[in-house]
Amino acid sequence: MEGAKTENSPENYGFTKIMIFFIPLAISASLTAVSHVIINGTLSRAHHAEMIIANYAIALSLFSILERPAIVFRQTTSALAKGSTAFFNIAAFFVKISFFISALCALIGFSKLGDWVFIYGFHADADSSTSLKVTFLVLAVVILFSGLRGLYQGVIINQLETKWVTLGVIIRLMGMFGLAICFIHFGIANTSVAGAIIFLAGMAIECLVSVWRGQTIVRGNCKSGNPLKQKEISSFYFPLVFYMSFQTILIPIIYSFLGQIQDVHLGIASFALAFSITNLVISFFMYTHQVVLQFYKHNKPAVIKCVIVFSIVPSLFLGALCFTAAGPWFMTKVMGADTRLAAESLNVLKFCLIKTAVFPWVDYFGGILMLQKSTKSLLKPQICNVAAVILVIIPVVYLHPELNGKAGAIAASVGELIGLAAVFLVVSQRQKYELEKQKAV
């Protein structure tokens with residue numbers, strides 16, 4: 001019938017449908033941060049809380065590095081699993097990666113290598129090495145659940161059923177909160193291992209929800225699709241792992257240079273506070289690439305409209321904190337900072353406005369490269385980002401040490417801008433190359 005909408009017409013993938021898909025993902029990303037609030041809140045009630053929380057933080061730092069290869073399976077499945085056959089190919093690849101991660105974690109947890117890593121790599125107390133290794137071994141199991149969860153969440157996202165991702169996080173937090181209350185009530189939250197157990201229980205719950213729903217989708221998917229070769233999967237997967245790993249080293253680099261500023265303690269504290277708020281706001285929009293993966297081919301204008309909104313909203317929120325009376329109130333009453341630290345943090349936050357405006361566009365172009373299965377092209381912009389941060393922060397901290405924490409925010413924002421310019425050029429060059437190739441045919 002004339003004027004009827006086809007299944008894949010742009011009208012079926014408009015702004016409203018994209019937001020219905022995106023908002024549950026955004027909420028789940030923000031709620032995930034609550035997990036660590038529950039754990040730290042539990043451990044802070046123990047005897048010698050400072051030592052216990054410090055041990056947990058050290059083990060969690062190593063966990064965060066090794067979890068990166070597991071997290072990437074969400075994007076891998078979402079981008080490549082266009083049928084049950086492809087999903088099972090990725091699952092087989094996941095098993096291989098899991099064996100490697102498990103072997104590495106076992107080596108750290110059951111050998112002298114672990115003592116060396118924690119004592120010399122993280123400057124931990126030698127007396128705490130046994131507790132640290134046990135805590136890390138529990139967190140190592142969390143890595144496996146995290147990877148399995150991501151594997152099936154990619155399938156769930158492919159089917160636009162993002163409400164199940166949010167539901168999994170909500171049930172996870174309820175389970176963690178209940179277990180935390182039990183630990184406090186029975187007085188068994190007196191080691192860093194308790195925090196790891198709470199985290200493990202929560203991740204296992206979320207994983208169970210994701211596997212149940214994801215497996216239901218896979219079983220009911222009559223479209224078997226084309227098989228994926230292991231080389232196809234690895235060429236997408238490994239560059240993405242390196243890309244995400246590069247992201248983790250930016251902040252440590254900035255901290256290392258902030259040791260040269262005028263007021264080291266105030267500068268680092270204000271930068272840490274401002275950047276934590278910035279990341280909390282950005283976390284709501286960290287799934288922009290998924291919008292591209294699922295909707296770009298169907299309705300590009302609607303996707304661009306969404307990204308414009310994603311870049312404006314967090315900037316408006318941070319702008320309200322920086323330039324209205326809400327800022328000092330939020331810093332002192334909610335974040336618990338004293339007047340001096342609150343004022344300095346707000347000054348640092350002003351430079352972070354650039355990052356909130358730029359980040360969704362970086363993720364948008366990154367999503368296009370994932371859609372084109374060209375994740376290796378993501379590495380060049382990320383290297384440019386890191387290089388720009390280093391080249392900016394060195395002269396700033398030495399020539400203007402009075403900038404304190406603002407030096408770190410300036411470097412991070414310039415790095416984000418350079419990264420955006422680089423990824424834009426990469427995407428433009430690839431699109432130009434594709435057009436020329438089509439003309440040649």
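Because only heavy atoms are used, hydrogens play no part in the values below, and waters and symmetry mates are left out as well, while side chains stay in.
- Considering only heavy atoms from C-beta on, I58 stays 4.5 Å or farther from L62 through its side chain.
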query = Under the side chain to side chain contact (heavy atoms under 4.5 Å, CB included) criterion, do F295 and L160 qualify, and how do the steps go?
reply = CA-CA 10 Å; F295 298 99; L160 311 185; 3.9 Å; yes
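- The environment of CE in M174 is sparse: at most 12 heavy-atom neighbours from other residues, nucleotides or ligands sit within 6.0 Å.
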key: Steps toward ring-ring contact (aromatic ring centres under 6.0 Å, His included) verdict (F310, F284)   = CA-CA 9 Å; F310 297 164; F284 198 81; 8.6 Å; no
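- Here the closest heavy-atom approach between residue V193 and residue S131 is recorded as CG2-O, 4.3 Å.
- The side-chain hydrogen bond (donor to acceptor under 3.5 Å, both in side chains) test applied to S210 returns Q153, not counting sequence neighbours.
- Partners of F73 according to the ring-ring contact (aromatic ring centres under 6.0 Å, His included) rule, which considers only residues two or more places apart in sequence or in another chain, are F94, Y237.
- With sequence neighbours left out, the ring-ring contact (aromatic ring centres under 6.0 Å, His included) criterion links Y364 to W361.
- Evaluation of the salt bridge (charged side-chain N to carboxylate O under 4.0 Å, His left out) test over residues 177-198, restricted to residues two or more places apart or in two chains, returns none.
- With sequence neighbours left out, the side-chain hydrogen bond (donor to acceptor under 3.5 Å, both in side chains) criterion links T288 to no other residue.
- Looking only at distances, a side-chain donor or acceptor of N158 sits under 3.5 Å from a matching main-chain atom of A81.
- Across all non-hydrogen atoms, the minimal contact from C207 to F145 is SG-O, 3.6 Å.
- Using modelled atom types, one side-chain atom of K133 and one backbone atom of S111 make a donor-acceptor pair closer than 3.5 Å.
- Of the possible polar contacts, none joining the T162 side chain to the F22 backbone as a donor-acceptor pair under 3.5 Å is found.
- A donor-acceptor pair under 3.5 Å is formed between the side chain of S311 and the backbone N or O of I308.
- Judged by distance alone, the side chain of S270 and the main-chain N or O of G267 form a donor-acceptor pair under 3.5 Å.
- Within 6.0 Å of CZ in F424 there are 12 or fewer heavy atoms belonging to other residues, nucleotides or ligands.
- In terms of the side-chain hydrogen bond (donor to acceptor under 3.5 Å, both in side chains) criterion, S64 has no residue partners (sequence neighbours excluded).
- Among all heavy-atom pairs drawn from C384 and I418, the shortest one is O-CG2, 3.9 Å.
- Qualifying salt bridge (Lys or Arg N to Asp or Glu O under 4.0 Å) partners for K163, counting only residues two or more places apart in sequence or in other chains: none.
- The shortest heavy-atom contact between A180 and T42 is CB-OG1, 3.2 Å.
- Residue pairs that meet the side chain to side chain donor-acceptor pair (under 3.5 Å) test with at least one member in residues 166-175, sequence neighbours left out, are S35-R172, R172-E206.
- Residues S234 and P239 come closest through the heavy atom pair O-CD, 3.7 Å.
- Taken from CG in L66 to CZ in R68, the straight-line distance is 11.5 Å, to the nearest 0.5 Å.
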request  = Determine, stepwise, if the pair L420 / F365 fulfils side chain to side chain contact (heavy atoms under 4.5 Å, CB included).
outcome  = CA-CA 8 Å; L420 174 61; F365 288 113; 3.9 Å; yes
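- Each salt bridge (charged side-chain N to carboxylate O under 4.0 Å, His left out) pair with one or both residues in residues 370-382, not counting sequence neighbours, would appear here, but there are none.
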task = Assess whether side chain to side chain contact (heavy atoms under 4.5 Å, CB included) is satisfied between N299 and V303, documenting all intermediate values.
result = CA-CA 7 Å; N299 196 339; V303 171; 5.6 Å; no
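- Within the structure, every pair that satisfies the side chain to side chain donor-acceptor pair (under 3.5 Å) test and touches residues 136-146, not counting sequence neighbours, is listed here: E67-S146, S146-R149.
- Formation of a donor-acceptor pair under 3.5 Å by the S78 side chain with backbone atoms of Q75 is not found in this model.
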query = Passes side chain to side chain contact (heavy atoms under 4.5 Å, CB included), E416 versus I354? Steps please.
reply = CA-CA 8 Å; E416 201 73 36; I354 298 171; 5.7 Å; no
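- Listed by first then second residue, pairs satisfying side chain to side chain donor-acceptor pair (under 3.5 Å) with a partner in residues 90-102 read K96-Q230, not counting sequence neighbours.
- Applying the salt bridge (Lys or Arg N to Asp or Glu O under 4.0 Å) test to R213 and every residue at least two apart in sequence or in another chain returns E161.
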